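This structure is a prediction, so every number in the text was calculated from the model and none was measured. In what follows, every chain begins at residue 1, and chains take the letters A, B, ... in the order their sequences are listed.
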Amino acid sequence: MAEQQGFMERHHFLLRRLHSLSGIVPIGVFLIVHLTTNASVIWGAANGRAAPYAADAAGRGVATFQHEVNFINNLPLLLLIEIFGLWLPIAFHVILGIVYAMTGSKNTQTYAYTGNKRYLLQRLSGYVGVLFIFYHVASLRWGWTFLVPNGTEWSHYFAASTLAAALKGEAGMWTTPGVIVAIFYFIGVSLLVYHFANGLWTAAITWGITVSEAAQKRWGYVCTAVGVVLMGTAWTALGGFLFAVDYDQARAVEEQIFIEHHGEEGLQKFMDNPVDEQAAATIHEAEPGDG
Amino acid sequence: MSAIATETTKAAESTRTVHFRIKRCDGPGKPSRWEVFDVPVPAHANVISCLQWIAANPTTADGKATTPVVWESSCLEEVCGACTMVINGKVRQSCSCLMDEYAPNDGDTITLEPMSKFPVIRDLWVDRSRMFDALKRVRAWVPIDGTYSLGPGPMEGPKESETRYKLSECMTCGCCLEACPQYHLETDEAAWATSFIGAAPISQARLFNEHETGAVLKADRLEALMGPGGINDCGNAQNCVQVCPKEIPLTESIATIGRAATFEAFRRFFQSR
Ligand code: SF4
Ligand code: SF4
Ligand code: FES
């Protein structure tokens with residue numbers, strides 16, 4: 001412990017500044033990309049290239065989202081990008097964030113200034129945000145389906161339908177645990193957007209980019225605008241999966257896209273053994289002219 | 001003469017009783033307790049004048065004889081910072097705290113506590129040594145001591161002097177530290193060097209960095225402020241600037257030092273041997 005403290009103290013400045021930076025690049029940038037991708041389930045309705053898959057807006061959204069997910073899953077070295085671009089920076093930001101947050105105290109009853117409440121909320125949103133990210137990643141990415149109300153396993157081949165089912169707790173229907181999960185998502189994602197927007201504002205002070213009070217105020221308006229737009233994007237995405245996606249229709253659109261990539265056989269094989277994701281890919285490679 | 005007499009009678013007429021709830025402590029490490037004093041308050045009184053009355057009449061509201069309440073004060077015009085205490089839960093100077101504002105009616109209560117971020121010496125009197133130690137830590141001075149005359153000082157423009165004049169008004173009162181959620185009571189002197197230093201010394205470092213002669217110590221000041229307990233331990237709650245009685249732009253100073261630290265870090269990485 002003493003040695004660890006020694007390390008923290010020796011590299012105090014660097015660690016502090018890396019903590020500040022990591023919240024913006026890569027984590028903040030990822031947040032923007034991730035929320036924009038997810039909101040495609042709604043803005044995809046305006047996507048002309050999704051038109052062949054569905055006649056209605058909801059279907060085009062599902063198709064667009066599926067294409068976005070496929071694009072991401074086809075990125076080269078995806079696992080490396082995830083580890084070094086996401087997991088490690090997030091772990092770093094979270095661990096140091098907790099260490100730093102523990103050096104603070106709460107005195108908002110006595111000094112009920114807006115800035116002080118922002119300071120407190122930044123720390124609270126960090127804590128709740130970590131819990132949310134953990135649940136989000138464990139239940140959807142790591143496949144800890146026991147955390148999902150009806151045990152739906154999210155599949156990136158059937159992205160919108162399985163996500164909607166995992167959120168609502170039942171394919172197409174609302175369940176009580178599903179409502180709780182949905183509310184948790186709403187709170188979690190809103191707090192994380194706040195955490196990012198407020199962090200963007202304080203980072204400018206930390207690095208000495210905004211110096212005068214007037215500059216801090218101006219930058220505050222910019223950060224508020226960023227926060228509002230991002231909050232809108234987040235709510236659009238969440239609302240889209242909860243209210244716009246029809247399970248059966250989404251499934252049909254996604255199967256169509258699956259067949260396009262991996263053929264009828266691929267779909268059949270995948271249905272028989274959904275765990276073996278390689279199977280479908282192998283078939284696709286074997287018959288390159290397909291789809 | 002008669003005019004003064006009338007004034008005095010008027011004041012006597014408008015005397016009201018105010019309950020003073022005071023957090024007392026007999027000495028460092030001793031437990032604290034609450035005592036209530038019923039003080040006859042004339043018009044235009046301030047907290048110090050009431051404390052003077054209590055010192056002369058050390059009897060609690062329930063008639064028990066007690067020791068006089070101890071506090072610290074000096075200038076009585078909000079320029080020395082000695083009389084800073086927590087009044088009705090919030091930190092401020094007690095000499096400029098007017099009773100007509102805080103307890104305008106007969107039977108009102110006012111609560112006095114010592115600041116919580118400094119060790120109590122006795123009652124409302126605290127030990128602010130750590131603040132002065134912090135000023136040494138950031139070398140808050142212009143180094144001109146030497147064996148020969150350094151000649152005339154540098155010229156300064158009116159704009160710079162205006163900025164720095166504001167910063168120089170800091171009276172080391174401790175309000176900004178008392179209200180800061182990142183600043184904590186630290187009785188162990190050995191820990192001062194690595195515990196968060198607070199807004200006032202950061203602002204003083206800026207004051208002397210911006211002085212042409214004082215700037216020669218800039219690297220030393222930044223060195224002290226870039227380590228543990230320095231500038232990066234600020235959490236940007238900005239309570240400091242809200243409570244500073246001198247309205248010193250503390251958050252501006254914090255950002256200014258933050259910027260200087262950023263450049264210093266780059267300078268060290270790319271330039272220093
Ligand atoms: S801005 Fe920094 S120094 Fe000022 S009250 Fe907040 S944490 Fe303390
Ligand atoms: S900066 Fe203001 S609040 Fe802080 S010690 Fe100086 S005068 Fe007091
Ligand atoms: S006695 Fe000097 S500030 Fe109050």
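Heavy-atom proximity under 4.5 angstrom to chain A picks out B:Asn232, B:Asp233, B:Gly235, B:Asn236, B:Ala237, B:Gln238, B:Asn239 from residues 232-239 of chain B. Using a 4.5 Å heavy-atom cut-off against chain A, the contacting residues of residues 250-273 of chain B are B:Thr251, B:Glu252, B:Ala255, B:Thr256, B:Gly258, B:Arg259, B:Ala261, B:Thr262, B:Ala265. For a heavy-atom cut-off of 4.5 Å, chain B lies close to A:Thr103, A:Gly104, A:Ser105, A:Asn107, A:Thr110, A:Tyr111, A:Tyr113, A:Gly115, A:Asn116 in residues 92-116 of chain A.
Among A:Arg118, A:His11, A:Gln122, A:Arg123, the residue with the largest count of heavy-atom pairs under 4.5 Å with chain B is A:Arg123. Heavy-atom pairs under 4.5 Å with chain B peak, among A:Ile209, A:Val211, A:Thr202, at A:Val211. For the set B:Ser195, B:Ala179, B:Pro228, the entry with the most heavy-atom pairs within less than 4.5 Å of chain A is B:Pro228.
To the nearest 0.5 Å, atom CE of residue B:Met226 and atom CZ of residue A:Arg16 are 13.5 Å apart.
For A:Leu120, no part sits under 4.5 Å from any heavy atom of chain B, backbone or side chain. Looking at B:Val241, the atoms closer than 4.5 Å to chain A (heavy atoms on both sides) all sit in the side chain, from C-beta outward.
In the displayed structure, A:Tyr127 atom OH is contacted under 6.0 Å by more than 12 heavy atoms of other residues, nucleotides or ligands. Atom CH2 of A:Trp201 has more than 12 heavy atoms from other residues, nucleotides or ligands within 6.0 Å. For B:Lys218, the NZ atom is loosely surrounded, since the number of other residues' heavy atoms within 6.0 Å does not exceed 12.
Sequence neighbours left out, the pairs with a member in residues 226-236 of chain A that pass side-chain hydrogen bond (donor to acceptor under 3.5 Å, both in side chains) are A:Ser190-A:Trp235.
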